[in-house]
Amino acid sequence: MKFYQLSASERRESLLQEGIKLNKVDCDLLAELDTLSENVIGKLTLPLSILQVAVVNGKSFQIPMATEEASVVAAANHGLNIFNQNGGAIAKSERTGIWGQLVFKVEKFSLASFQSKELSYLKAANQEFASLVKHGGGVKKIASELKDDLLFLRVLVDPAESMGANRTNAILEFLGQKISQEFAIKKLYAILSNYPSQFTHAKVSLDFASLTKTQDKKIGEKIAQKVALLSKIGKQDSYRAVTNNKGIMNGVDAILLATGNDFRAVEAACHQAASLSGAYQSLSSWQIEDGKLVGEVSLPLAIGVVGGSIKSRSDVQVAYNILGQVSASELAELIATVGLANNLAALLAISTVGIQKGHMSLQIRNILKNLSATDNEKKAVKQLMQEQKRYSETDAKNFLQKIREENS
Ligand code: MEV
């Protein structure tokens, strides 16, 4: 039997025999996971965290996040707190559809005669996929272009509440077959495109005072100016832009993971969206307008709240229990808002205390967790690490040894 044909427990057995150590996994869970993927041998666990209050379009939400990086949740919370003090974010998801691409090989082809039939193909697809139309979606547009001996079709599909990859591929296959028969041309490929689509915009307008712990307007204004300057740099300098966008994706990916969405698709689309001007730029912008710090982000969020593995994953269902009844548009609006919140928290940290302070306290926490020491010893080690700004595991062990020597 081939490895992939074995059951998950048999695969585990075979790895154990090779001497590979595996973590314990509950049998029922293993069986559930085995139905989701190929060659399954175990589970990977991520903490599921919650953002308790996000005010978006005047409504309060609780938002699930799955990430192993504690600073991501802390940053999102911090950013959202500031947004909430200012009435929350205003967000709008366009949900105009996702792109599919069909390419044919052609010879002596009349584009005009094809284009005269485009509308009939659109109608035929919507008839064939009537259930999608019934759910509010369907094929919205077909556009064609001839490039040498290749006919390129772009098909815009509104997937209703789902992400829509499978449905779009099925529609493209249907159209591909029909068109190649009617025009006697050969289909080269038919597949959805992860090109940026389903854009979602989030915007906040913040009082300077809300940017400081002490609600000091003057200090807040100085901070706002620094944030705006950092944002300007992110529009001009790709080194900064990529890192700025990483901060946004920290929040975005954590919600995508928790809600069973395809984060690879969103990541790929965001890279392209960041490069739409021809140069890679930050996806967010912060500027001072009428005495306020105004932040905006526009992200291609081809996400869904149904379809894919969403229903079949019990862990993902928890995320939807937390969110309550959200539509795909609402979820996209929450994701864009949290991305912007993570971005603000990072810009504030960089332009005030520096990012290292927050990150290092998390590093200390992780190191202390694995240190074989009593609670009191850990407290003393932590104090020394912070005082002497030494953050490695070796530093922690050396401090522990010193403390023990002094106490013996
Ligand atoms: C770290 O995970 C993310 C940041 O580097 C983002 C940024 O620099 O804007 C803090």
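Both counts, for ligands and for their atoms, begin at 1 and track the order of listing.
Closest non-hydrogen pair, Ala125 versus Leu175, comes out as CB-CD2, 4.1 Å.
Close approach of ligand 1 to Lys246 (heavy-atom distance below 4.0 Å) involves ligand atoms 1 (C), 2 (O). Atoms of ligand 1 found under 4.0 Å from any heavy atom of Glu69, numbered from 1 in the order shown, are 2 (O). Listed by number with element, the atoms of ligand 1 under 4.0 Å from a non-hydrogen atom of Asn244 are 9 (O).
Note: Tyr121 and Phe114 have parallel aromatic rings, judged against thresholds of 30 and 60 degrees for the angle between ring planes.
When the options Leu348, Asn250, Val242, Thr243 are ranked by their closest heavy atom to atom 1 (C) of ligand 1, first place goes to Asn250. Here the shortest heavy-atom distance to atom 4 (C) of ligand 1, taken over Ala346, Ser71, Gly251, belongs to Ala346.
At a 4.0 Å heavy-atom cut-off, ligand 1 touches Ile350 through the side chain alone. Of the heavy atoms in Met249, none comes closer than 4.0 Å to ligand 1.
Salt bridge Asp26/Lys43: absent, no basic N to carboxylate O contact under 4.0 Å. Between Asp207 and Lys292 there is a salt bridge, since a side-chain N of the basic residue sits under 4.0 Å from a carboxylate O of the acidic one. Using a 4.0 Å cut-off between charged side-chain N and carboxylate O, Glu330 and Lys59 make a salt bridge.
The cationic atom of Lys147 (NZ for Lys, CZ for Arg) lies less than 6.0 Å from the six-membered ring centre of Phe152 and within 45° of the ring axis.
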